[in-house]
Amino acid sequence: MDYLLGGALGGLVAFMFSIPALTMEFIEGGKLKNAPLVVDVKTIFGYQLNTREAFLVGFLLHLIIGILFGSIYVLFVKQEWLFVTHAPYTFLSLVVYAFLSWIVAGLVIYPVLQMGVFGKKEGHHVWLETLVSHFILGICLWLLIQYYQPHFFLT
């Protein structure tokens, strides 16, 4: 249940800060060239995407990374893998986790999707967009945990 809650909170945060991109996509009628905080995926597995497909794949990737971000953090807490802070659900542990997850996304996920290391094939500033996204995910997840503080988050 903890993994489900962590994934749900991560997905919620990812969805909430993708609202500006969704709004702009709706206003532009599917012709948005550069969505804020959502990576613009131009190609995936060698397939060239049109503008609408690029936005939808980027948005889906954004949500999946948010869900995985929350779920995997709970795994790190349960397995006591917080080797830097040794303190679960703290601000510092989530910021360190956000930085490390950004590195994993840049060195593993994007190359697997044939987007290059840190998404370099998709644009020169993708690395910065994903870094900011991961830090926002970490900080917002920490804020949600502080607000709700469910009994099973207390260790």
Side-chain angles (χ1 to χ4, degrees), residues 1-25 34-45 49 54-155:
M1 189 57 126
D2 299 349
Y3 300 104
L4 184 60
L5 180 60
L9 290 177
L12 176 66
V13 170
F15 178 76
M16 291 303 289
F17 75 85
S18 67
I19 289 177
L22 290 169
T23 304
M24 289 177 67
E25 176 71 11
N34 192 6
L37 291 176
V38 174
V39 176
D40 299 319
V41 180
K42 297 176 188 101
T43 60
I44 189 161
F45 301 120
L49 302 174
F55 176 78
L56 292 174
V57 169
F59 177 68
L60 181 63
L61 182 62
H62 181 75
L63 289 179
I64 289 170
I65 288 175
I67 292 167
L68 288 174
F69 184 91
S71 298
I72 293 172
Y73 181 77
V74 173
L75 175 69
F76 272 59
V77 169
K78 295 284 188 192
Q79 299 298 320
E80 298 178 2
W81 291 342
L82 299 174
F83 58 90
V84 175
T85 62
H86 301 290
Y89 306 109
T90 62
F91 181 78
L92 182 59
S93 72
L94 277 156
V95 168
V96 168
Y97 174 71
F99 180 73
L100 294 175
S101 71
W102 170 71
I103 290 174
V104 170
L107 294 177
V108 177
I109 294 173
Y110 290 142
V112 165
L113 295 174
Q114 298 178 353
M115 296 169 62
V117 176
F118 291 101
K120 191 168 185 155
K121 289 182 181 178
E122 300 303 316
H124 296 293
H125 300 291
V126 170
W127 68 272
L128 182 60
E129 290 176 22
T130 56
L131 179 63
V132 169
S133 295
H134 282 256
F135 279 130
I136 289 173
L137 273 169
I139 292 168
C140 289
L141 191 58
W142 175 76
L143 287 170
L144 281 172
I145 291 168
Q146 298 308 305
Y147 180 75
Y148 288 109
Q149 206 56 256
H151 64 79
F152 44 84
F153 270 161
L154 302 174
T155 54

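The residues of the chain are indexed from 1 along the displayed sequence. What you see below is based on every heavy atom in this structure, not just the backbone, and it leaves out hydrogens, waters and symmetry mates.
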Hey, is CH2 on W102 packed in by over 12 heavy atoms from elsewhere, all under 6.0 Å?
yes
Pairwise distance OG1(T90) to CD(Q146) - rounded to 0.5 angstrom
8.5 Å
Smallest heavy-atom separation, I72 atom then Y97 atom, equals CB-OH, 3.2 Å
Is the backbone N or O of Y3 less than 3.5 Å from a side-chain atom of S71, with the two atoms forming a donor-acceptor pair by type?
yes
Would you please classify the geometry between the F55 ring and the F59 ring as parallel, tilted or perpendicular, with 30° and 60° separating the classes?
parallel
Is it the case that more than 12 heavy atoms not belonging to Q79 sit under 6.0 Å from its CD atom?
yes
With side chains defined as the heavy atoms from C-beta onward, is the minimum distance between L113 and L61 less than 4.5 Å?
yes
Derivation and outcome, side-chain contact (heavy atoms from CB on, under 4.5 Å), residues L131 and F118
CA-CA 10 Å; L131 179 63; F118 291 101; over 6 Å; no
I need the F17 CZ to L12 CG distance, nearest 0.5 Å.
11.0 Å
Mark yes or no for whether W142, through its side chain, and L92, through its backbone, hold a donor-acceptor pair below 3.5 Å.
no
Answer whether the closest heavy-atom distance between the side chains of Y89 and V74 falls below 4.5 Å.
yes
Kindly determine whether D2 and V77 satisfy side-chain contact (heavy atoms from CB on, under 4.5 Å), including the steps that lead there.
CA-CA 10 Å; D2 299 349; V77 169; over 6 Å; no
Show the nearest heavy-atom pair for residues L107 and V117, with the distance to one decimal.
CD2-CG1, 3.6 Å
Do you know the tightest heavy-atom contact between L141 and G70?
CD2-CA, 4.2 Å
Nearest 0.5 Å please: distance from the NE2 atom of H134 over to the CD1 atom of I103.
10.5 Å
I need the L5 CG to I145 CD1 distance, nearest 0.5 Å.
8.0 Å
Keeping the roles fixed (side chain from Y110, backbone from K121), state whether a donor-acceptor pair exists under 3.5 Å.
no
Taking all atoms of both residues into account, what is the closest heavy-atom pair of F91 and I139, and its distance?
CE1-CG1, 3.8 Å
I'd like to know if the side chain of S101 and the backbone of A98 have a donor-acceptor N/O pair within less than 3.5 Å.
yes
I'd like to check the side chain to side chain donor-acceptor pair (under 3.5 Å) partners of Y73; sequence neighbours left out, ordered by chain and number.
S93
Check the pair L100, V104 against side-chain contact (heavy atoms from CB on, under 4.5 Å), reporting the backbone distance first and the verdict last.
CA-CA 6 Å; L100 294 175; V104 170; 5.7 Å; no
So CG of L68 and CD1 of I109: to nearest 0.5 Å the spacing works out to 6.5 Å
When rounded to the nearest 0.5 angstrom, what is the spacing between CG in L137 and CE in M16?
13.0 Å
